[in-house]
Amino acid sequence: MIFTIVSLATSMPTKRNKNSYTNAPPVGLEKLQSSITVTPSKAEPFYGSLPRHVTPKQVKKVMDGSINPFTNQPFTAQYKRILESRKKLPVYTQMEEFYRMFNKNQILIMVGETGSGKTTQIPQFVCYTDLPHTKGKLVCCTQPRRVAAMSVAKRVADEMDVPLGKEVGYSIRFEDMTEPGTTFLKYMTDGVLLREAMNDPNLTRYSTIILDEAHERTLATDILMGLLKNLARRRTDLKIIVMSATLDALKFQKYFSLKQGKPAPLFKVPGRTYPVEVFYTREPQLDYVEAAMRTVLMIHRTEDPGDILLFLTGEEEIEDACRKIQAEADDLQKQDPGSIGPLACIPLYSSLPPSQQQRIFDPPPSSRSVISPPGRKVVVSTNIAETSLTIDGIVYVIDSGFSKQKLYNPRMRVESLLVSPISKASAQQRAGRAGRTRPGKCYRLYTEHVFMTELEEQTHPEILRSNLANTVLELAKLGIKDLVRFDYVDAPAPETLMRALELLNYLSALDDECNMTPLGAIMAEFPLEPQMAKMLIVSPKFNCSNEILTIVAMLSVPNIWNRPIFMRREADSAKRSLEVPEGDHLTLLNVYNCYVQNIHNKRWAWDNFLSQRSLLQANNIRAQLKRYMEKFDIGLISTRDEIQLYVNIRQALVCGFFMQVAHKGAGEVAYVTVKVPEVVSLHPSCGLSGESEWVLFDEFVLTGGAYVRTVTAVKPEWLLEFAPKYYDINSFPNGKMKNALLQVQKNMRTPSLSIGAKKKKNKSKNKKKAKRDKNGAGEENNKTQSQAVTGSPVADLTVSLPSSLAL
DNA sequence: GAGCACTGC
């Protein structure tokens, strides 16, 4: 494979640039510092200052002073030390420009590349002029990830010389490190701010809201942008800063334009990274995994010391590549130990246990002898290393050009993962990972032509790739009635919105005019998918809310089953011993109960091939949801008799998941999903024993084939009884499914028939009818889909509310 | 008889 050097990655400043930051402070700053006279221990450094009228000169004076203006305590030596390093950040040198723009404008777009210091400094700058503590307000800064919110808050607390959780804090799910009345600068995940908006649409607590990493376009950030743009008109005192990477700036400037045709002002700060040389292949590569392996070995043989980061798409691919690279590199070294050093290949993906993930920070292997060259570390990673994790010492990046991306198919109502080409922005981000500690190289396993002509500029924002049921419910709770005309940065497909509305209507969360029902208002408060929220809220009616609470928590965490490659048989047999024959949902309940019984046995999870991390997380989520249940006075109820309990649970499942049901007629091989017919198989991990004509499932996955995963057997009578609106038989296309349901309905009306007789009758009738209906069923299906969207009056609204709810 | 890209409440 031949690479050609084509370009230096754009927007990477040269090394000289960097030195100018570290060695010599900008002229203006130097002058200013020497002219500052430190006022000795004056009690109020901000005495007489008005919020938003503080000048940069005053700010610098206070920063360089001896008294912390926010606590009136003397600054520590650590503060002074950190301040000196802060002064070297690119953003610090543009403080005056920032204040000029911030004081003059309500909305500001800010662009700052890696290393500019925007995430740590801008919120502090804002505090120095906003003086939120003087008016009982807060400044907040959102992050897409929990870890970032926590670690940045810690850093900024140190920089401001205050304990974390006091003046500076953070708020993430399960953890609120703030002190009401004291905290005035709060880092938080975007999801938490969105939750706060649901209870206070004016976000009155905040004087300034900063959305960081807006270019990542998470669902929560996108919705927040829409809300804030609107809120800015109602609350003219609120200031908004949207921070992003360069490429998206103009889009955000136009979106946040307050006056027609006048884009929002842009504040731009250069980054501080090293140049990265980019190489492309001359020819397209048919097999990128193979090409990647050859490139790793080529670098190892011929390039200077420095670690390698290789981007592939998923766990299996990564483990496979690691084994092969390791084997080949070991061979090479054996053959020629004098000129080739040892190589350590380390996999990285999110489902890896944390101890394994830590390995990426190990130093490269040391050379075996004095004459042999130094060792090299190769990290083979998913996209997790693109944004979430930073590895120091990476000099070479190999970019396969692919990643797994979530896609939503509104017609099939299925979210699935698909290996897809990355965007230019993503390719640039990957390349940048090579230039964090010194100049680096990036090898792209595709041609420059492909890069220029075939890659999209940006990765499609999440809002265009997701099932929006949850988002639509949140918007409804936020009082957004007209979803189609909501001011999205990028509007989702109308069909996706229709699907969400349809689901919420069937769940009785929205009425036929799309008004939120009392039930919907409570559902929106739960941090759950609408199906699960509904199921949990109605579960006291079935005397099993205690158990449904557990099941919902277990369904909210990543896969709990460990299955190590060399111990599959043992893992499978351990799983079998925990399985409940009626269905996987009951198995999850059983696993959780066993986990709690053995909570003091640290080896229990390990011995049973279960993920300790997922079980712990389920326990956390269960506790949080339990608090919500108490808040809404939803009773925790159990049923003593286990047989009855299991029936009750399966009935409660139907109340949430009646749209996720598949049917297999007698004598048929495959299951077919209801209403929108798709042929599906039970996922091999499914523990359901025996034949079950009707099954309810949690997930529909498209991997190789169409599978349903986490499956429980249900009775068709329950479908008709607990979801009469969806199972309105007239809305079904003629065919086997309709006949089966008609038969069930008939039997429900004539309960005098014995069970045995019922079964016989069913069978013979179904067969005859099935033959008649064989033709033309496909056409009918299409009709049903469009009918389903309009829907009929909410028949089961009254049934949906638990009697314990006084509404 | 298959496989959880990555986040978040």
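Naming: A, B, ... by sequence-line order, numbering from 1 per chain. FYI, side chains are in, hydrogens and waters are out, and symmetry mates aren't considered; it's all heavy atoms of this structure.
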| request: Report which part of the nucleic acid Ser403(A) touches: base, sugar-phosphate, or nothing (heavy-atom distance under 4.0 Å, all strands). | output: nothing
| Applying salt bridge (charged side-chain N to carboxylate O under 4.0 Å, His left out), which residue pairs with at least one partner in residues 519-528 of chain A are found, sequence neighbours left out? | Lys477(A)-Glu525(A), Glu525(A)-Lys631(A)
| said: Is the phosphate of dA5(B) approached by Ser350(A) (side-chain N or O, under 4.0 Å from OP1 or OP2)? | reply: no
| query | Relative to the 5' end of DNA chain B, which residue comes earlier, Lys404(A) or Phe526(A), by the nucleotide with the nearest heavy atom? | reply | Lys404(A)
| field | Partner residues of Asp572(A) under the side-chain hydrogen bond (donor to acceptor under 3.5 Å, both in side chains) criterion, sequence neighbours left out | value | Arg563(A)
| message | Please classify the nucleic acid contact of Tyr707(A) as base, sugar-phosphate, or nothing, using heavy-atom distances under 4.0 Å. | response | sugar-phosphate
| message | For dG3(B), does the base pair up with any side-chain atom of Arg568(A) as donor and acceptor (N or O, under 3.5 Å, distance only)? | response | yes
| task | For Asn562(A) and dA2(B), give me the distance from atom CG to atom P, rounded to whole Å. | result | 20 Å
| Pairwise distance CG(Leu549(A)) to CE(Met532(A)) - rounded to 0.5 angstrom | 12.0 Å
| query | What does Arg145(A) touch in the nucleic acid at a heavy-atom separation under 4.0 angstrom: a base, only the sugar-phosphate, or nothing? | reply | sugar-phosphate
| task | May I have the distance from Leu702(A) (atom CG) to dG3(B) (atom C1'), rounded to whole angstrom? | result | 14 Å
| note | Ranking Lys406(A) and Ser556(A) by the position along DNA chain B of their nearest nucleotide, the one closer to 5' is Lys406(A)
| task | Using a heavy-atom cut-off of under 4.0 Å over every strand shown, decide if Gln405(A) touches base, sugar-phosphate, or nothing. | result | nothing
| request: Determine the contact category for Leu418(A): base if any of its heavy atoms lies under 4.0 Å from a base atom, sugar-phosphate if only primed atoms, P, OP1 or OP2 are that close, otherwise nothing. | output: nothing
| query | Within this structure, what is the CD-to-C1' distance between Glu316(A) and dA2(B), rounded to whole angstrom? | reply | 9 Å
| dC6(B) P sits how many Å from Asn383(A) CG, rounded? | 8 Å
| Would one find a side-chain N or O of Thr313(A) under 4.0 angstrom from OP1 or OP2 of dA5(B)? | no
| task | Specify the separation, in whole Å, of atom CD of Glu319(A) and atom P of dA5(B). | result | 11 Å
| query | Does the ring centre of Tyr288(A) sit less than 6.0 Å away from the ring centre of Phe402(A)? | reply | yes
| message | Suppose we screen for salt bridge (Lys or Arg N to Asp or Glu O under 4.0 Å). Which residues come up paired with Asp222(A), at least two apart in sequence or across chains? | response | Arg217(A)
| query | What parts of residues 191-201 of chain A reach DNA chain B, counting only heavy atoms under 4.0 Å away? | reply | Gly191(A), Val192(A), Arg195(A)
| When you measure from the side chain of Glu462(A) to the backbone N and O of Leu219(A), does any donor-acceptor pair fall under 3.5 Å? | yes
| task | List for me each residue that meets side chain to side chain contact (heavy atoms under 4.5 Å, CB included) alongside Glu579(A), sequence neighbours excluded, and say none if there are none. | result | Lys575(A), Arg576(A), Thr587(A)
| query | Do any side-chain nitrogens or oxygens of Arg563(A) fall under 4.0 Å of OP1 or OP2 in dA2(B)? | reply | no
| Which part of the nucleic acid does Phe174(A) contact within heavy-atom distance under 4.0 Å: base, sugar-phosphate only, or nothing? | nothing
| task | Tell me which nucleotide among dA2(B), dC6(B), dC9(B) gets nearest to the side chain of Arg146(A). | result | dC9(B)
| request: Could you work out which one of dA2(B), dC9(B), dA5(B) sits closest to the side chain of Arg173(A)? | output: dC9(B)
| request: Find the distance Arg465(A):CZ to dT7(B):C1' and express it as a whole number of Å. | output: 11 Å
| query | What nucleic acid atoms does Ile384(A) come within less than 4.0 Å of, heavy atoms only: base, sugar-phosphate, or nothing? | reply | sugar-phosphate
| field | Heavy-atom closest pair, residues Cys322(A) and Cys345(A) | value | SG-SG, 3.6 Å
| request: Check the distance between dG8(B)'s C1' and Arg217(A)'s CZ and give it to me in whole angstrom. | output: 17 Å
| said: Any base atoms under 4.0 Å from Pro144(A), or only sugar-phosphate, or nothing? Heavy atoms, all strands. | reply: sugar-phosphate
| query | Does dT7(B) have OP1 or OP2 sitting under 4.0 Å from an N or O in the side chain of Thr218(A)? | reply | no
| remark: Applying salt bridge (Lys or Arg N to Asp or Glu O under 4.0 Å) to Arg430(A) and not counting sequence neighbours gives Glu386(A), Asp399(A)
| Taking atom P of dG1(B) as reference, at what distance in whole Å does atom CZ of Arg709(A) sit? | 17 Å
